[in-house]
Engineer: 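I am attaching a structure below and will ask some questions about it afterwards.
Each ligand, and each atom within it, is numbered from 1 in the order the structure gives. Along the sequence shown, residues are numbered consecutively beginning with 1.
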Amino acid sequence: MPRYDFRCRSCGATFELRRTMAQANDPAVCPEGHPDTVKLLSTVAVTGAAGAGAAPQAPSGGGCCGGGCCG
Ligand SMILES: [Zn+2]
């Protein structure tokens, strides 16, 4: 099951949920109970500005769809 990262706009907390793709766009509630959250892009944790093309394991064309998680 894919993981989705969310960020709470009320307290700034980030949290991760595992849900089906059908639920990917459903509203998520912050662990602190705040309903005002936004979904972040994928599960890739980007700390700082990584150089483009420098990722050693960068998939060439949709890495997710090779593992069966895309149906
Ligand atoms: Zn919150």
Engineer: Does Met1 reach the side chain of Thr20, with side-chain heavy atoms less than 4.5 Å apart?
Structural biologist: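 Result yes, sub-4.5 Å side-chain heavy-atom pair found.
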Engineer: Restricting to pairs with a member in residues 18-38, which pass ring-ring contact (aromatic ring centres under 6.0 Å, His included), not counting sequence neighbours?
Structural biologist: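 Sorted result for residues 18-38: empty, none.
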Engineer: Tell me how many protein N, O or S atoms are closer than 2.8 Å to the Zn ion (ligand 1).
Structural biologist: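 Under the 2.8 Å cut-off, the count stands at 4.
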Engineer: Less than 4.5 Å apart, side chain to side chain, heavy atoms only: is that true for Cys8 and Glu32?
Structural biologist: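 No - every pair of side-chain heavy atoms lies 4.5 Å or more apart.
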Engineer: Under a 4.5 Å cut-off applied to non-hydrogen side-chain atoms, are Pro27 and Pro35 in contact?
Structural biologist: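 A side-chain contact is absent here, since even the closest heavy-atom pair is not under 4.5 Å.
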Engineer: Evaluate side-chain contact (heavy atoms from CB on, under 4.5 Å) for Ser10 paired with Cys30, printing each intermediate quantity in order.
Structural biologist: CA-CA 9 Å; Ser10 293; Cys30 166; over 6 Å; no
Engineer: Please list, chain by chain and in numerical order, all residues satisfying side chain to side chain contact (heavy atoms under 4.5 Å, CB included) with Arg19, sequence neighbours excluded.
Structural biologist: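 Checked Arg19 against side chain to side chain contact (heavy atoms under 4.5 Å, CB included); matches are Tyr4, Phe6, Leu17, Gln23, Asp26, Ala28.
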